[in-house]
Amino acid sequence: MTSGAVTGAGSGGDEVDAWRERLGWAFGLIADDPAERAAALAHLAGARANTWAALDRFNELWQLTRPLGTEEQYQEQSFLRAHEVYIDIRGRSLPDGLWEGADGPGLPYALLFLEWEARFPGEWTEHAKAWGTKQWLIRSMAAADHDQPTRAKLTDLVEIVVRRAYRCKDREYVRVARAVDGEHLRHRLGEAAASDNPWARLHAGYVLWLLERPEVPNTRHVWRTWVSEASGRQPGSADPRNH
């Protein structure tokens with residue numbers, strides 16, 4: 001999978017530039033070069049530290065101006081400025097910067113965050129673990145109207161995820177698989193289901209089974225029932241029915 005950005009359809013030039021100015025550095029997180037990733041991780045550490053410092057300052061001023069009352073407090077210039085600074089600094093970090101939106105000009109950065117978790121799960125967990133954000137972004141990606149480069153990126157992500165041991169919220173990728181379903185995705189899932197990797201056989205087989213049954217919900221009960229009936233249970237591993 002390439003690490004370049006995917007341009008969202010209909011992105012305004014100014015908005016694209018603003019996102020790039022705030023988070024363009026983050027593409028280093030998915031670089032193949034370890035030195036480039038290390039530099040991006042260092043940048044992220046600084047951005048997160050700045051975010052916490054700005055939040056502390058905002059909270060401090062909130063406490064100081066609280067006796068003024070709500071209306072007067074939100075007219076206090078030092079308080080308003082601290083809030084503006086916090087919002088600006090927060091937008092330059094991850095995952096906080098993604099809260100501005102996961103579509104349009106924000107789409108490449110939503111995909112970046114998911115690709116980082118998929119390809120470098122250890123680094124993602126250590127430096128920016130956010131399971132709720134992961135879930136929200138995956139659900140945001142589960143749309144059928146993406147352009148072809150985005151569909152290709154999402155197909156890559158589905159394949160990466162089904163070929164690994166289960167991680168929190170991975171089951172949400174069934175939504176994406178159903179949204180970008182097609183011959184290409186099913187071929188890649190079929191290869192994974194026929195591989196020597198027991199996790200790939202299990203996960204890919206389940207996703208393929210659900211793609212053939214769009215009316216079946218992707219619930220834990222359905223998952224556990226399918227696993228119990230599947231013939232490819234791998235011995236010696238954690239019970240996958242707990243996912």
Side-chain angles (χ1 to χ4, degrees), residues 1-11 16 27 30 32 98 101-121 124 131 133-227 229-232 240 243:
M1 183 183 301
T2 60
S3 59
V6 179
T7 302
S11 301
V16 171
F27 284 99
I30 53 176
D32 293 329
L98 299 173
D103 56 0
L107 176 60
Y109 303 92
L111 291 169
L112 155 68
F113 193 72
L114 293 176
E115 182 178 348
W116 182 29
E117 191 277 335
R119 294 180 58 203
F120 303 103
W124 183 92
W131 302 117
T133 301
K134 174 184 172 180
Q135 180 183 55
W136 167 62
L137 291 176
I138 294 172
R139 291 184 177 185
S140 298
M141 296 300 105
D145 58 350
H146 291 302
D147 60 20
Q148 188 53 42
T150 301
R151 289 176 62 88
K153 182 81 73 175
L154 293 172
T155 299
D156 288 344
L157 287 174
V158 171
E159 182 179 14
I160 291 173
V161 168
V162 300
R163 285 184 176 273
R164 70 180 183 187
Y166 181 87
R167 281 172 57 84
C168 184
K169 307 302 181 182
D170 276 357
R171 195 159 50 87
E172 296 287 344
Y173 273 102
V174 170
R175 299 172 182 265
V176 175
R178 282 174 159 168
V180 300
D181 187 17
E183 181 179 351
H184 182 56
L185 174 63
R186 294 200 185 198
H187 174 74
R188 292 171 69 171
L189 289 173
E191 289 184 334
S195 72
D196 295 332
N197 180 342
W199 284 109
R201 292 199 304 270
L202 187 69
H203 293 156
Y206 175 68
V207 175
L208 281 169
W209 183 81
L210 282 178
L211 290 179
E212 293 286 351
R213 297 163 178 81
E215 76 284 355
V216 176
N218 176 35
T219 64
R220 284 191 175 185
H221 174 72
V222 170
W223 163 252
R224 290 170 178 170
T225 301
W226 186 87
V227 170
E229 296 175 353
S231 60
H243 299 337

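Starting from 1, each residue takes its place in the sequence as its number. The figures that follow rest on heavy atoms only: side chains count, while hydrogens, waters and symmetry mates do not.
Within the model, atoms CD of E191 and CD of E159 stand 7.0 Å from one another, a figure rounded to the nearest 0.5 Å. With values rounded to the nearest 0.5 angstrom, K153 atom NZ is found 8.5 Å from L112 atom CG. Note: L137 CG to L111 CG = 9.0 Å, rounded to the nearest 0.5 Å.
When the side-chain contact (heavy atoms from CB on, under 4.5 Å) test is applied to S140, the partners found at least two apart in sequence or on another chain are A102, W136. Shown here are the side-chain contact (heavy atoms from CB on, under 4.5 Å) partners of A194, two or more places apart in sequence or in another chain: there are none. The salt bridge (charged side-chain N to carboxylate O under 4.0 Å, His left out) search around R164 returns E117, D170, not counting sequence neighbours. E212 is linked by a salt bridge (charged side-chain N to carboxylate O under 4.0 Å, His left out) to R186, counting only residues two or more places apart in sequence or in another chain. Residues passing the side-chain contact (heavy atoms from CB on, under 4.5 Å) test with A193, sequence neighbours excluded: A204, L208. For H221, the side-chain contact (heavy atoms from CB on, under 4.5 Å) partners two or more places apart in sequence, or in a different chain, are T219, T225.
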Under the side chain to side chain contact (heavy atoms under 4.5 Å, CB included) criterion, do V162 and W199 qualify, and how do the steps go?
CA-CA 7 Å; V162 300; W199 284 109; over 6 Å; no
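You'll find the side chain of Y173 reaches within 4.5 Å of the side chain of L114, heavy atoms only.
The two atoms that bring R151 and H146 nearest to each other are CD-O, 3.6 Å, heavy atoms only. The nearest pair of heavy atoms linking A200 to S195 is CB-OG, 3.5 Å.
Taking the six-membered ring where the residue is Trp, Y166 and H203 present perpendicular rings, their angle passing 60° and hence far from 30°. Ring orientation note: the planes of Y206 and W223 are nearly perpendicular, at an angle over 60° on the 30°/60° scale. Taking the six-membered ring for Trp and thresholds of 30 and 60 degrees, W116 and F113 have ring planes more than 60 degrees apart, a perpendicular arrangement.
A side chain to side chain contact (heavy atoms under 4.5 Å, CB included) with M141 is found for exactly one of V176, D103, L157, namely V176.
Checked by atom type and distance alone, the side chain of N218 never pairs as donor or acceptor with a backbone atom of V174 at under 3.5 Å. Side-chain N or O atoms of K134 include one that pairs as donor or acceptor with a backbone N or O of C168 at under 3.5 Å.
In summary, the side chains of E183 and H187 do not present any donor paired with an acceptor at a separation below 3.5 Å, with no hydrogens or angles considered.
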